[in-house]
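Notes follow the structure.
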Amino acid sequence: MTTRIIGTGSYAPENVITNDDLAKIMDTSDEWIRSRTGIGARHICGKDEGATYMAIEAAKRAVEMAGIDPKELDIIIAGTSTPDKCLPSCGCEVQAAIGAVNAVAFDVSAACSGFIFSLNIVQGFFMSGVYRTALVIGCDELSKIMDWSDRRTCVLFGDGAGAAVVRAEETGIRHFLMGSDGARGPVLECTARTTGNFLTGTRPDIGFTSMDGQEVFKFAVKKVPECITQLLEETGTDKDEIKYFILHQANMRIFESIAKRLKVPMEKIPVNIERYGNTSGASIPIILDEVNRQGKLERGDKIVIAGFGAGLTWGAVLMEW
Ligand code: ACO
């Protein structure tokens with residue numbers, strides 16, 4: 001058995017912040033952001049939104065499209081680095097909200113690779129016959145871990161959530177790869193809470209994201225094509241057989257470089273970064289949901305999904321729709 005996607009859904013907060021809006025609160029411009037990243041706007045959570053709220057909305061839409069009863073779900077995994085709470089997990093909160101009373105639920109922390117890692121964990125359960133139906137979520141509220149005075153980093157990110165209902169079937173995921181390089185973690189990091197307790201006599205501090213943009217850029221343009229090439233080689237698949245390369249929406253220039261290295265036309269890489277910015281774990285399931293709802297995927301189409309992010313982490317999946 002393997003993993004087949006039977007429903008997708010996504011949600012982004014109502015507040016849309018354009019590059020021009022940002023230029024009013026920091027020293028930046030639409031021209032700088034657009035020309036270096038392809039980003040034009042991003043969604044930012046209001047007071048009553050947040051990672052869990054977005055995840056629930058995306059999950060409801062995926063469940064509705066799949067046409068299943070939430071009680072059929074055996075497992076829920078939320079890929080998120082920015083949950084509302086340390087305890088309980090975002091996955092458990094989604095479980096409660098949608099009434100998936102028979103599911104086990106938990107979170108996976110793998111930054112922008114969170115959705116791919118979660119999907120592949122489900123694949124492991126399906127291959128071993130343990131579970132049959134799952135909900136995989138990618139959701140992140142990056143706006144709350146940004147230093148809004150650090151223009152090098154904050155202009156890139158936005159908030160959102162995407163989800164997929166998957167089922168154990170004969171066709172679906174053909175092969176997957178995942179990797180991590182923890183030694184390179186410091187190029188993109190955010191401390192959750194510093195140490196602070198009755199022994200240290202201090203209260204914990206909360207950190208904000210810091211990023212070495214050029215290092216992340218170099219990593220992405222090397223690792224993603226490498227990973228996709230390996231995936232194709234190991235399955236004996238020609239790149240021309242792939243209808244779409246669904247990539248983590250980080251930067252338009254990264255897409256262009258990946259397309260060049262893989263020798264695939266840009267038309268095969270769906271892009272929505274102009275409207276969302278980088279939504280980390282949510283970016284892949286959001287673009288997947290858009291492509292799916294536009295009716296661009298037909299049964300039997302081969303697609304590659306690939307992402308990279310903090311950790312450093314990366315992953316790729318080859319699947320038949
Ligand atoms: N507006 C205007 N000027 C700016 C801004 C801004 N928002 N940010 C930086 N600058 C200035 C800098 O101060 C610098 O000026 P200086 O030369 O006078 O010092 C100049 O622009 C160039 O800055 P660089 O940081 O060198 O810009 P670079 O060309 O490297 O582009 C960028 C930066 C867009 C971040 C690029 O490095 C990049 O896209 N990296 C990949 C990042 C990424 O994809 N991260 C997501 C990872 S996925 C995850 O896990 C979340």
Side-chain angles (χ1 to χ4, degrees), residues 17-42 51 79-82 108-118 138-162 178-182 184-191 207-225 227 247-258 269 271 273-274 276-287 305-316:
I17 306 296
T18 64
N19 295 341
D20 287 331
D21 292 330
L22 289 184
K24 290 178 194 148
I25 57 166
M26 67 186 74
D27 184 13
T28 191
S29 65
D30 179 59
E31 194 281 322
W32 193 96
I33 301 171
R34 219 175 259 279
S35 62
R36 280 179 172 74
T37 69
I39 297 168
R42 73 284 295 141
T80 182
S81 308
T82 51
V108 163
S109 173
C112 308
S113 309
F115 180 79
I116 292 186
F117 280 22
S118 302
C139 62
D140 268 308
E141 188 186 352
L142 279 310
S143 63
K144 71 182 175 193
I145 60 165
M146 286 302 131
D147 172 356
W148 287 97
S149 65
D150 174 10
R151 66 176 184 171
R152 283 173 190 256
T153 305
C154 69
V155 300
L156 304 179
F157 297 98
D159 302 335
M178 295 189 283
S180 310
D181 181 1
R184 287 208 276 165
V187 302
L188 178 49
E189 66 178 0
C190 176
T191 308
F208 292 99
T209 305
S210 64
M211 180 181 71
D212 181 337
Q214 287 176 8
E215 279 306 308
V216 176
F217 194 98
K218 280 189 263 175
F219 158 71
V221 298
K222 185 165 177 285
K223 187 51 83 178
V224 177
C227 199
L247 305 182
H248 168 47
Q249 306 284 304
N251 183 317
M252 196 65 196
R253 287 192 305 156
I254 293 180
F255 289 154
E256 286 159 2
S257 172
I258 292 172
I269 303 179
V271 176
I273 192 169
E274 203 272 334
Y276 290 94
N278 178 345
T279 56
S280 193
S283 92
I284 286 175
I286 291 177
I287 186 79
I305 301 176
F308 65 93
L312 296 171
T313 56
W314 59 91

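The figures here come from the full heavy-atom set of this structure, side chains too, leaving out hydrogens, waters and symmetry mates. Numbering of ligands and ligand atoms starts at 1, following listing order.
In this structure, CD1 in I254 is found 4.0 Å from CZ in F308, a value given to the nearest 0.5 Å. Rounding to the nearest 0.5 Å gives a distance of 5.5 Å between CD1 of I286 and OH of Y276. Atoms OG and CG, on S210 and D150 in that order, are 8.5 Å from each other to the nearest 0.5 Å. How far CH2 of W314 is from CD1 of I116: 12.5 Å, rounded to the nearest 0.5 Å.
For the salt bridge (Lys or Arg N to Asp or Glu O under 4.0 Å) condition, the pairs that include at least one residue of residues 208-220, sequence neighbours left out, are E215-K218.
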Starting from the N and O atoms of ligand 1, find every protein N or O within less than 3.5 Å and list the pair with its distance.
from     : atom 1 : to   : atom 2 : distance (Å)
ligand 1 : 1 (N)  : T28  : OG1    : 2.7
ligand 1 : 3 (N)  : W32  : NE1    : 3.3
ligand 1 : 3 (N)  : R151 : NH1    : 3.4
ligand 1 : 7 (N)  : T28  : OG1    : 3.1
ligand 1 : 7 (N)  : R151 : O      : 3.0
ligand 1 : 13 (O) : R151 : NH2    : 2.9
ligand 1 : 13 (O) : R152 : NH2    : 3.4
ligand 1 : 21 (O) : W32  : NE1    : 3.2
ligand 1 : 25 (O) : R152 : NH1    : 3.0
ligand 1 : 26 (O) : Q214 : NE2    : 2.8
ligand 1 : 29 (O) : R36  : NE     : 3.4
ligand 1 : 30 (O) : Q214 : NE2    : 3.1
ligand 1 : 37 (O) : G213 : O      : 3.4
ligand 1 : 39 (O) : N251 : ND2    : 2.5
ligand 1 : 40 (N) : G213 : O      : 2.9
ligand 1 : 50 (O) : A310 : N      : 2.9

* Give the C-alpha distance, both sets of side-chain angles, the deciding distance and a yes or no for side-chain contact (heavy atoms from CB on, under 4.5 Å) between H248 and V224. => CA-CA 10 Å; H248 168 47; V224 177; over 6 Å; no
